[in-house]
Amino acid sequence: SRGMAQSGSEDRGLVGAGGPYTSENGPPNSSEEWKDRGAAESRILALVLAATDRTTLKEYAIKVLDKRHIIKEKKVKYVNIEKNTLNRLGEHPGVVRLYYTFQDERSLYFVLDLAAGGELLGFLKRMTTFDEECTRYYSAQILDTIEYMHSKGVIHRDLKPENVLLDDQMRVKITDFGTAKILDLPKKPPQNGDGPNGMSYPGDPTEEDDSKANSFVGTAEYVSPELLTDKAACKASDLWAFGCIVFQLLSGRPPFKAANEYQTFQKIVGLEYEFPKGFPPVAKDLVERLLVLDPAKRLNIEHIKNHEFFDGIEWGRKLWKIKAPRLK
Ligand SMILES: O=C(O)[C@@H]1CCC(=O)N(CCc2ccc(Cl)cc2)[C@H]1c1ccccc1Cl
């Protein structure tokens, strides 16, 4: 049965107004270039329908993409990346699940989890800021999900409060994987009996360093410095964005925000940000260890989970069973 159509909801994971960028159209390197760039940015609009399974009464979201539009905007590869990434991520409570895909002559259809709570950003705007307990709960679920994605060789590359949805029990559901990077899993070394099948294997000098992803840049406020300086994202790039999200939940604004994206990029590579008065000191310590220019010096997930800010959080399945704190 067809639910109410939420028309016009763009498929944010593909392109926003000023980004993300691809290798063809990376971030401009002058404020001049910004002016005539705006209109050029494309948007892939998706219609998202709510649907109900007549037999199980389970509700789904159906994302409908117009094929002509995808082709016109040269976004066919993003559609395939989103499908392949969602299929690879399979089932985790923090990832929007892809149940089925189908198509007709005009459209592609993705049957997904319905995140009835909408975007985390919406709640943050209504609340202005979250208190520490709420920030701890939502950022812990986001971190647990990042850990899962990375364990599957997936870098999201565009994490931001708009891409963190919430289900009907206010649990995190991360979405928009059209711009994710799938790191090729290390191939097994040639077993005896394997012919010279050209397989490469970990440590194989010929294997290109696929832990670095290139050609795509996320949304300005959450882009990591390594993406801006050497055009390569790595797993730690998602943890930079995570640091920006924690900062934003507690302060109501992202750490790096300027009049235009070019100036935002300058603040990022210059690490120019300030904590507002009253920012909780323990959270400040965590953010300071995440917003580190050198990705190799950024806290890794294990260290973040052990940070004092997450004292009291039980990681693993239990994290998804606790009741969401009332937003206050
Ligand atoms: O990968 C798949 O699951 C199938 C394979 C067969 C197929 O034809 N498609 C659609 C491919 C496609 C992608 C973009 C456009 Cl604009 C048109 C067709 C793929 C597809 C079907 C439904 C929904 C998404 C996709 Cl990528």
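Ligands are counted one by one from 1 in listed order, and the atoms in each one are counted from 1 as well.
- Annotation for ligand 1: atoms under 4.0 Å from non-hydrogen atoms of I70 are 16 (Cl).
- For atom 2 (C) of ligand 1, a protein heavy-atom neighbour is present inside the 4.0 Å cut-off.
- Ion pair K173/D113 flagged as a salt bridge, since at least one NZ, NE, NH1 or NH2 atom sits closer than 4.0 Å to an Asp/Glu carboxylate oxygen.
- Contacts of F110 with ligand 1, taken as heavy-atom pairs under 4.0 Å, involve the side chain alone.
- Protein heavy atoms are found less than 4.0 angstrom from atom 10 (C) of ligand 1.
- For atom 5 (C) of ligand 1, the nearest protein heavy atom lies 4.0 Å away or farther.
- Ranking protein heavy atoms by distance to atom 23 (C) of ligand 1, first place goes to T101 CB, 3.5 Å.
- Salt-bridge check for R97 with E91: passed, with a basic side-chain N closer than 4.0 Å to an acidic carboxylate O.
- Using a 4.0 Å cut-off between charged side-chain N and carboxylate O, D238 and R157 make no salt bridge.
- Two residues are said to be in side-chain contact when any heavy atoms from C-beta on lie closer than 4.5 Å; L319 and I313 meet this criterion.
- Under 4.0 angstrom from ligand 1, the non-hydrogen atoms of N80 all belong to its side chain.
- Using a 4.0 Å cut-off between charged side-chain N and carboxylate O, E82 and K63 make a salt bridge.
- At the top of the distance list for atom 8 (O) of ligand 1, counting protein heavy atoms only, stands Q103 NE2, 2.9 Å.
- The presence of a protein heavy atom under 4.0 Å from atom 25 (C) of ligand 1 is confirmed.
- Between R298 and D294 there is no salt bridge, since no side-chain N of the basic residue sits under 4.0 Å from a carboxylate O of the acidic one.
- A cation-pi arrangement is absent between R136 and F310, since the terminal nitrogen or guanidinium carbon is not both under 6.0 Å from the aromatic centre and inside a 45° cone about the axis.
- Heavy-atom proximity to I71, at under 4.0 Å, picks out these atoms of ligand 1: 16 (Cl).
- Under the 6.0 Å cut-off for aromatic ring centres, Y100 and F110 do not qualify, their centroids lying 6.0 Å or more apart.
- With rounding to the nearest 0.5 Å, the separation of CZ in F123 from CZ in F130 is 8.0 Å.
- Protein heavy atom at the shortest distance from atom 14 (C) of ligand 1 is L108 CD1, 3.7 Å.
- The protein heavy atom nearest to atom 22 (C) of ligand 1 is F102 O, 3.4 Å.
- Of all the heavy atoms of K83, the ones lying under 4.0 Å from any atom of ligand 1 belong exclusively to the side chain.
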